[in-house]
Chemist: 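Okay, handing you the structure first.
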Amino acid sequence: MANTSIPQYDPAEIEPRWQQKWHDSGLYESNIDERRPKHYALTMLPYPSGDLHIGHWYAMTPSDARARFMRMRGYNVLFPMGFDAFGLPAENAAIKNNIHPKIWTYRNIDNMRRQLKSMGAMFDWRRQAVSADPEYYRWTQWFFNQFYKNGLAYRKMSPVDWCPNCNTTLAREQVWGEDRHCERCGTPVIKKDLEQWFFRTTKYADELLQYPGLDWPERVRTLQTNWIGKSVGAYVTFKTEHGDPIQVFTTRPDTLWGATFMVLAPEHPLVDSLTTPEQRDAVHAYQQQAARQTDVQRESTDKEKTGMFTGGYAINPVNGERIPVWIADYVLMTYGTGAIMAVPAHDERDFAFARKFDLPVRVVIQPEGQPPMDGDSMPEAVPAHGVMVNSGALSGTPADKAYDAIIAYLEKIGAGHAAVNYRLRDWLISRQRYWGAPIPILYCQNCGAVPVPDDQLPVLLPDDVEWKPTGESPLKLHPTWRHTTCPQCGGPAERETDTMDTFMCSSWYHLRYLSPHYDKGPFDPREYDYWMPVDTYTGGIEHANMHLIYTRFFHKACRDLGITEGPEPMIQLRNQGMVLGEDSEKMSKSRGNVVSPDKLVERYGADSVRAYLMFFARWDMGAPWNPTGIDGTARWLRRVWAMVLENASSPNTAGEETIRTLRRKLHQALKSITRDFETFEFNTIISTLMELQNEMFKARSAGAAGTPAWKEAVDIYVRMLAPVAPHMAEELWARLGRPYSVHTQSWPAVDEAAAAQEEITLVLQVNGKVRDRLTVPADISADGAKAAALASDAVQKFLEGKTPRQVIYVPGKLVNVVV
RNA sequence: GCCGAAGUGGCGGAACAGGCAGACGCGCACGACUCAAAAUCGUGUUCCGUAAGGAGUGUGGGUUCGAUUCCCACCUUCGGCACCA
């Protein structure tokens, strides 16, 4: 019955032809349209590393399919694309291949834009933004200026993380893992004392912990919440014997009576004045040794405790007790105040320290229902849950009840107050590299640090630089670039030679897409008012603690400066998983397990690649690449092609039942696919389409082709296919004689009556085991169902003559007979 | 150590209110078409058992008429954090 006259499915011919037509007709140009609801669909922009990776396709094609679905549902959809074009790999490639980073980057952008276009995605290329373009980074610098003028950017000398391979400092978020390695190159970082620029992200720590109205994965919110690391407690001020205050942070002010010593970080500013002459040499030696250690050595948990007595003492404000002050490297200068009160009875670390240096241990919280603890003999610290003991007037009070009273008391005697601390650090944005947006600051001998006036931006990155890695910013080596005049006093000034972290560029790219050539501000306010916020954001979860924190901070900071509006920049977030190599390892050139999308497109066509990437794994999970599975999706698309085009002359001999079944399956599939698009479950969209196609084959064999129901099924099928396989759907739509374009059609409506089940399969169980199945009317009564079940031979057989104790009917599903 | 995610056939996965486990596809086997192969189409494919039947969703318990789904304990893998006071 196969009609041999239909043309073969030839994606290599179809796909470029439609891409050209879409481009020529401006099909994907999104413009403000107040009559339609807007939908801003954003997918994370790629770094122009050279070639589009299968991972990019995996991230972007389902995002594109969903954007298309939203468009068909009546939304005015914006789905833009651009390039995160500044960054280290360009410089590394420059060094390796002796090619200018700019040439390397823009060449890659050209190639990747071509590859992106082969996906057939609905990107509005007019809105492309490239972060290395002066018309883009002019505004990156402008944002820096606004932050600087409002106290959100500051310069500070401090010990910072330095990647010896990338020759630059890194933000705390960009140092990963137990060995504290560089997020980019994997080299363990070292500490350096440098004067660097920071953004005051900590100012927003508390707000960043709130996710108002955000539909974000729980996973991401948890990662961010843990990263920000809020601790609620109190600052308590002890005094040295000379009367100098030593402030500590504690989450357990109720253990104050158990503080038997204090520990300062070796770098703490009070160490010098506390140290007695007899201890001076030893303390100095310990400080030196601590300074030489790496963070990894210093912060490894299982390390034997080390420390040194300063010879000095402090007075506990609640009981006037005189306690020794030590220094130790387990206390970090970068958290809290760099000093702690040690309560060895109830803190594991303090306990280990006390035992090692033979310091007193005093129990102040007695766990309930246990024999009294003895500080001298206890083998380990005990959790501080229970009743306060050895705590003066508060002895006998449950610890959790005393908490607020103690803070009130500390406030009354002027020795402390409630406080909150965060693990989050301010964002270090200085990079000692060439290929980035220059920090728009000048240093004048008279005026100090002066921002380049907004109307003189951008501070252009010079092309003629030596990009040799020296550990200094390459811009420092430029013969003339750094020398300029101060805009305030006209005297000589030098430019800042560091560039900005590229995460600064990517913190606001979603705003630049709105109007990439706008020159009166970072974005056209009319476009902002219409499109923002981003409705759906898709991308990898690896950015949970980097980009996704930075961009939220950026938005909130800008909101407070009157630049942006609303609490959050991106309302809904969905993360795709990772496509691994066939060997289940991360794809990398060195492992030789990289899958090239170009070759797959050449062999199967973009539509098959798109469909396979949606089908082959749960999108949010990812999976190792399976090279043979794609044959199945390619086969399916060829069958769809044949099914749609072969039907025209087929007979109309189907019975009523066939037609009813066809329509039921069709509308059930439509319902299921609609729901799955809403919930980002792409793999079941494809399998439902495959199932429906099988059902339609059956109906056609039964003579359904040529009926109105068949026509309806084909029409709906092609529409449902459009987001997934946009080229094929467009071609089929045209061949069916329908007007251009399938992508501007509305998403079909479910006919609930058609989808309704008239008959159901009633499952019959005996003691929870399936023994029989009956086809019964869907509206069967409970009594009817139970009677039918008991009448079943199979059920009777397994009842073995016993009387049912209970018969359970689950409407529309099953009957369970219990004996 | 703490936080989070995940464990289902040979493989990817489905089961969306606690109700038919294994949809859909890959792979494999057999068959049709073919001189032959590819492509295509058809049939079968969780395991044990000739069968009747039994077992079965990481492991062990629990709740329930009924558990992949809920609860408890544990194991494994992956991700994040880690001397954060």
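Order of the sequence lines sets the chain letters (A, B, ...), proteins ahead of strands, with each chain counted from 1.
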Chemist: Heavy atoms from C-beta onward define the side chain here; which of B:rC3, B:rC65, B:rA14 lies closest to that of A:Thr222?
Modeler: B:rC3
Chemist: Look at the side-chain N and O atoms of A:Arg423 and state whether any lies under 4.0 Å from the OP1 or OP2 oxygen of B:rA82.
Modeler: yes
Chemist: With respect to the phosphate group of B:rG42, does any side-chain polar atom (N or O) of A:Lys698 fall under 4.0 Å of OP1 or OP2?
Modeler: no
Chemist: Distance criterion of 3.5 Å, no angle test: do you see the side chain of A:Glu681 paired donor-to-acceptor with the base of B:rC16?
Modeler: yes
Chemist: Below 3.5 Å, does any donor atom in the side chain of A:Glu178 face an acceptor in the base of B:rA82, or the other way round?
Modeler: yes
Chemist: Between B:rG27, B:rA85, B:rC16, spot the one nearest the side chain of A:Arg635, thanks.
Modeler: B:rG27
Chemist: Assign the ring pair A:Tyr211 / A:Trp216 to parallel, tilted or perpendicular, where the plane angle (0 to 90°) is split at 30° and 60°.
Modeler: tilted
Chemist: For B:rG1 versus B:rG66, give the span between their P atoms, rounded off to a whole number of Å.
Modeler: 37 Å
Chemist: Can a side chain N or O of A:Lys769 be found less than 4.0 Å away from OP1 or OP2 on B:rA55?
Modeler: yes
Chemist: What about A:Lys813: does its side chain form a donor-acceptor pair under 3.5 Å with the base of B:rC20?
Modeler: no
Chemist: Please determine, for the side chain of A:Arg638, which listed nucleotide (B:rC16, B:rU40, B:rC26) has the closest atom?
Modeler: B:rU40
Chemist: Take A:Met621 and A:Asp676, find for each the nucleotide of RNA chain B with the closest heavy atom, and name the residue whose nucleotide sits nearer the 5' end.
Modeler: A:Met621
Chemist: Tell me which nucleotide among B:rC83, B:rG4, B:rA21 gets nearest to the side chain of A:Arg219.
Modeler: B:rG4
Chemist: Taking the six-membered ring for Trp, are the ring centroids of A:Trp326 and A:Phe353 within less than 6.0 Å of each other?
Modeler: yes
Chemist: Rounded to the nearest angstrom, tell me the gap between atom NZ in A:Lys802 and atom P in B:rC65.
Modeler: 18 Å
Chemist: Is it the case that the ring center of A:Trp625 lies less than 6.0 angstrom away from the ring center of A:Tyr612?
Modeler: yes
Chemist: OP1 or OP2 of B:rA5 versus the side-chain N and O atoms of A:Arg618: is any pair under 4.0 Å?
Modeler: no
Chemist: Give a yes or no on whether the backbone of A:Trp257 and the side-chain of A:Asn316 come within a donor-acceptor separation of less than 3.5 Å.
Modeler: no
Chemist: Does B:rG18 have a Watson-Crick or wobble mate here (both distances under 3.5 Å), and if so which one?
Modeler: none
Chemist: With RNA chain B as reference, determine whether A:Thr688 or A:Arg805 sits nearer its 5' end, using the nearest nucleotide of each.
Modeler: A:Thr688
